[in-house]
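Counting starts at 1 for both ligands and their atoms, in listed order.
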Amino acid sequence: MQLENKVIVVTGGASGIGGAISRVLVARGAKVVAVDINAEAGESLTKDLGANVRFLLGDVSEQDVATNAMEMATSSFGGLDGLVNNAHASRQAMFNELTEEQWDLSFNTGFRATRQFMAAAYPLLAVNGGSVVNFGSGSAIVGQQTQAAYASAKEAIRGLSRVTANEWAKDNIRVNVVSPMALTAGVKAWSEAFPKMYQDSLEKVPLGRFGDPETDVAPVVAFLLSDDSRYMTGQTLMADGGANKLY
Ligand SMILES: NC(=O)c1ccc[n+]([C@@H]2O[C@H](COP(=O)([O-])OP(=O)(O)OC[C@H]3O[C@@H](n4cnc5c(N)ncnc54)[C@H](O)[C@@H]3O)[C@@H](O)[C@H]2O)c1
């Protein structure tokens with residue numbers, strides 16, 4: 001599906017899954033405003049994608065960053081058609097060991113930033129209708145250990161998405177969630193040190209491999225931003241190789 005001339009704001013859009021999303025959206029004809037705290041990754045994204053991308057350096061949990069991103073979309077590309085709330089920083093720890101600071105980090109960069117970007121985007125999306133894609137996680141849905149702060153923020157995002165899908169449908173703004181799980185990005189850090197755990201995790205993926213951000217997640221996001229999904233709202237699509245079924 002094509003995204004010719006659609007203008008999309010992507011949070012955490014310079015590297016990781018967000019970087020893959022920015023690249024796939026531009027390859028399909030979109031103009032992207034990528035918001036990220038990583039200046040170096042932003043620079044390399046801009047070098048690769050040229051005039052089809054604008055990079056905004058900032059922490060998504062700060063209110064004015066959301067406002068600035070919408071201003072950049074308007075001044076650079078003339079409006080807004082879509083928003084991807086991808087950025088989310090969190091620390092893993094057992095529930096009893098999580099600090100207040102860790103809870104705040106997860107809720108501020110995950111839930112709060114998503115809410116603020118949605119609020120800032122609403123007036124622009126309401127002009128011609130549009131699509132919001134928020135990020136959940138399969139590990140939140142299955143309740144994996146050590147994910148309490150992360151999973152709680154992710155499920156709050158899903159609740160917000162379902163309600164706004166209903167409230168904003170009158171403006172033809174769709175709100176959906178992509179929940180990835182079992183990605184190469186998630187296991188990379190520990191796979192060599194824990195080969196047995198790696199093998200056990202792999203066996204929990206019915207499709208028999210870990211997912212790739214660029215080919216397995218970004219195209220799902222692109223679909224939800226495109227007119228091909230115009231009759232879909234309030235959904236959660238799991239990009240997880242079927243893994244959630246086996247937990
Ligand atoms: N990686 C996985 O296996 C996995 C699995 C399920 C869900 N997810 C979700 O997918 C999304 C992306 O995950 P990822 O692994 O690519 O994340 P990541 O940690 O690689 O970060 C993605 C980008 O967000 C930026 N970022 C982080 N904090 C920021 C902040 N406060 N303000 C602005 N930018 C910020 C980073 O600099 C980076 O460019 C997240 O919502 C994550 O929860 C990831």
Heteroatom distance test (Val60, ligand 1): nitrogen or oxygen, under 3.5 angstrom: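 Yes; the residue has a nitrogen or oxygen that sits under 3.5 Å from a nitrogen or oxygen of the ligand.
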Report yes if some heavy atom in the side chain of [X] is under 4.5 Å from a heavy atom in the side chain of [Y]; otherwise report no.
X	Y	value
Val132	Met118	yes
Gln116	Arg112	yes
Gln235	Val177	no

Ring-ring centroid check Phe210 Tyr198, cutoff 6.0 Å: yes
is_close_aromatic(His88, Tyr150), centroid dist under 6.0 Å: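 Close enough - the centres of the two rings lie under 6.0 Å apart.
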Under a 4.0 angstrom heavy-atom cut-off, which atoms of ligand 1 come close to [X]?
X	value
Ile17	1 (N), 10 (O), 12 (C), 13 (O), 16 (O), 44 (C)
Lys154	40 (C), 41 (O), 42 (C), 43 (O)
Asn38	37 (O)
Gly136	7 (C)
Tyr150	6 (C), 7 (C), 8 (N), 9 (C), 42 (C), 43 (O)
Thr109	31 (N)
Phe135	9 (C), 10 (O), 11 (C), 41 (O)
Ser137	6 (C), 7 (C)

Contact bool for [atom] (protein heavy atom, d < 4.0 Å):
atom	result
atom 21 (O) of ligand 1	no
atom 43 (O) of ligand 1	yes
atom 13 (O) of ligand 1	yes

Hey, is [atom1] on [X] packed in by over 12 heavy atoms from elsewhere, all under 6.0 Å?
X	atom1	result
Glu192	CD	no
Glu203	CD	yes
Lys170	NZ	yes

Option whose closest heavy atom lies nearest to atom 29 (C) of ligand 1, chosen from Ile21, Leu57, Ile37, Leu105: Ile37
Option with minimal heavy-atom separation from atom 6 (C) of ligand 1, where the choices are Gly186, Pro180, Ala189: Pro180
Considering heavy atoms of the protein only, find what lies nearest to [atom] and give residue, atom and distance to 0.1 Å.
atom	value
atom 1 (N) of ligand 1	Ala185 CB, 3.7 Å
atom 19 (O) of ligand 1	His88 O, 4.9 Å
atom 33 (C) of ligand 1	Gly58 O, 3.3 Å
atom 38 (C) of ligand 1	Ser15 OG, 3.3 Å
atom 37 (O) of ligand 1	Asp36 OD1, 2.6 Å
atom 40 (C) of ligand 1	Asn86 O, 3.0 Å
atom 23 (C) of ligand 1	Gly12 O, 3.4 Å
atom 2 (C) of ligand 1	Leu183 CD1, 3.9 Å

Heavy-atom pair of closest approach, residues Val7 and Ala73: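 So the two residues come closest at CG1-CB, 4.0 Å.
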Under-4.0 Å salt bridge between Asp200 and Lys204: no
Asp216 bridged to Arg209 by N-O distance under 4.0 Å: yes
Pair Ser161-Asn134, side-chain donor/acceptor within less than 3.5 Å: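 Result is yes, a qualifying pair exists.
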Worked check of side-chain contact (heavy atoms from CB on, under 4.5 Å) between Leu3 and Ile8: CA-CA 10 Å; Leu3 295 168; Ile8 319 282; 5.6 Å; no
Asp59 contact mode with ligand 1 (heavy-atom cut-off under 4.0 Å): both
Identified side-chain contact (heavy atoms from CB on, under 4.5 Å) counterpart of Val133 within the set Leu237, Val221, Asn85: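 It is Val221; the other options fail the test.
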